[in-house]
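Just so it is clear: chains get the letters A, B, ... in the order the sequence lines come, proteins before strands, and each one is counted from 1.
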Amino acid sequence: MSIIPQKLVSALEKTCKYLGHKNDPVIAVAVIASFKGILRPLFTLQNKHQSKEQTHYAALRDFLTELIAIPSYIILSHLTKGAFAGKLAVPGNERNARKVLSFLGICGTAFFVIPTLCNLALGPIMDKYFKPKSSEPAKESVPKCLDFVSRDERMPVVLTPRQMPKPLVNDNVKNVWNYYHLERPNGMKV
Amino acid sequence: MNITSPLVKLVNSPSMAHIAQTTSLAVSVETGLKAIGRPMFTMMDKKTDLKSRQFSAVKEFIYQSLCLAFYLSIIPLFKMGGFKIAKKIFGNQKGFQKFDTFKDFVKYVKLVKEKDLPRRYNLVRGSVELTSIIGSVMALTMVAPYLAHKITNPIMKAIGMENLQPGHKKGEVQNMKSEYSPPGAVTLYRTTSGRIVRIKSNMTNNELNFTA
């Protein structure tokens with residue numbers, strides 16, 4: 001193709017040949033994680049439906065998760081390859097066995113290592129950067145809307161509208177009676 | 001080394017080697033594991049209450065599953081497109097003269113996998129893998145999260161999990177008011193501890209908190 005410069009074509013050819021010959025799952029996984037680490041926080045920051053603090057919190061969390069993920073994938077896939085290839089590979093099949101071990105290392109990392117590391121590391125880091133302002137802690141802990149049951153210490157459960165207890169007096173007649181006889185703000189008292 | 005051991009068999013199996021060296025399959029397996037592993041770890045975290053954990057775990061599972069579904073539906077298009085572009089760029093090279101269409105190449109790959117033949121045509125393979133990586137990045141970082149985010153909330157609502165959202169108290173009082181009371185009316189409610197509270201429908205949030 002004459003439109004594309006020859007240098008770019010030769011670089012593409014080299015890359016393709018490398019990937020065709022030595023494609024390792026860690027390449028794709030690390031590239032995806034690094035792009036996720038950049039793009040996901042950017043998309044999160046553009047979310048207008050949440051408050052600024054919430055978006056910053058979510059963006060930092062996404063970024064840190066991928067920051068943990070990238071080295072974990074690379075290190076653990078190499079460690080698995082190095083540690084088990086000699087022991088588990090059948091003679092003559094070392095190359096394929098190394099790829100499979102690298103892949104198994106990635107699976108273990110995605111399934112177990114990254115969630116564990118994130119659970120351990122993200123909590124303290126996020127607490128450090130998103131501390132609740134200590135000046136008026138009581139005001140912040142008050143929910144915006146009424147939540148009867150969760151405010152009761154013996155029953156700290158949040159009731160949803162569907163689960164909300166039905167009022168004892170819920171018919172319109174009683175309400176109208178209450179309105180006119182108990183809660184009327186002004187007027188002649190008899 | 002015991003050759004009959006299941007682990008040795010797994011490590012040396014041609015199918016596993018094929019999965020490991022095919023980007024789209026490897027990424028699919030990894031995303032599937034994330035869909036199981038992340039909710040599992042969320043549920044194991046005892047620091048938060050059960051309902052919040054259930055909410056995050058279900059949401060994460062739905063999100064990852066949707067991402068996987070979108071990914072699997074998009075990636076063949078990228079592969080096909082990548083093959084076509086590469087054929088235009090490297091059309092005079094040896095590998096591309098053997099395969100007229102992407103389907104021919106897929107048939108060849110299947111044959112190699114079944115009969116455990118040596119890998120050849122690295123340029124063709126590599127160009128498909130390169131477009132797979134580019135497609136994976138685009139699908140998993142841009143397209144799938146956007147679509148999954150749009151669909152996750154309606155699904156959560158449909159399966160009745162939306163109400164478990166932590167901090168989702170907005171609307172409770174409004175719902176109560178609209179359901180039970182005319183404006184300005186007083187309604188009696190009983191809390192689970194047995195206390196009876198009087199709620200006026202035109203109370204502000206601060207007054208409601210004070211009452212409760």
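- Counting heavy-atom pairs under 4.5 Å between each of I27(A), I114(A), I32(A), T109(A) and chain B puts I32(A) at the top.
- Ranked by heavy-atom pairs shorter than 4.5 Å toward chain B, the options N119(A), D24(A), T116(A) are led by T116(A).
- Options C118(A), A110(A), G123(A) differ in how many heavy-atom pairs under 4.5 Å they form with chain B, and the most are formed by A110(A).
- Here E13(A) pairs with K17(A) in a salt bridge; the nearest charged N to carboxylate O distance falls below 4.0 Å.
- If you measure heavy-atom distances from R98(A) to chain B, you find no contacts under 4.5 Å at all.
- Of the two parts of L10(B), the backbone and the side chain both hold a non-hydrogen atom closer than 4.5 Å to a non-hydrogen atom of chain A.
- Taking the six-membered ring where the residue is Trp, the centroids of F41(B) and F112(A) are separated by under 6.0 Å.
- Proximity to chain A involves both the backbone and the side chain of V11(B), based on heavy atoms less than 4.5 angstrom apart.
- Taking a 6.0 Å sphere around CZ of F35(A), one finds it holds 12 or fewer heavy atoms contributed by other residues, nucleotides or ligands.
- Contact count versus chain A (heavy atoms, under 4.5 Å) is highest, among M40(B), E129(B), R125(B), E30(B), for E30(B).
- Ring to ring, F99(B) and Y121(B) are close: their centroids are under 6.0 angstrom apart.
- Most heavy-atom pairs under 4.5 Å with chain A, from the set S13(B), A35(B), A17(B): that is A17(B).
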For a side chain to side chain contact (heavy atoms under 4.5 Å, CB included) check, start with the C-alpha distance between L104(A) and V100(A), then their side-chain angles and the critical distance, and finish with the verdict. CA-CA 6 Å; L104(A) 292 178; V100(A) 173; 4.2 Å; yes

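- Both the backbone and the side chain of V137(B) come within contact range of chain A, judged by heavy atoms closer than 4.5 Å.
- The closest side-chain donor-acceptor pair between Y71(B) and S28(B), if any, does not fall under 3.5 angstrom.
- The contact between T65(A) and chain B is made entirely by side chain atoms (from C-beta outward), counting heavy-atom distances below 4.5 Å.
- Listed for the R53(B) side chain is a donor-acceptor partner under 3.5 Å among the backbone atoms of M43(B).
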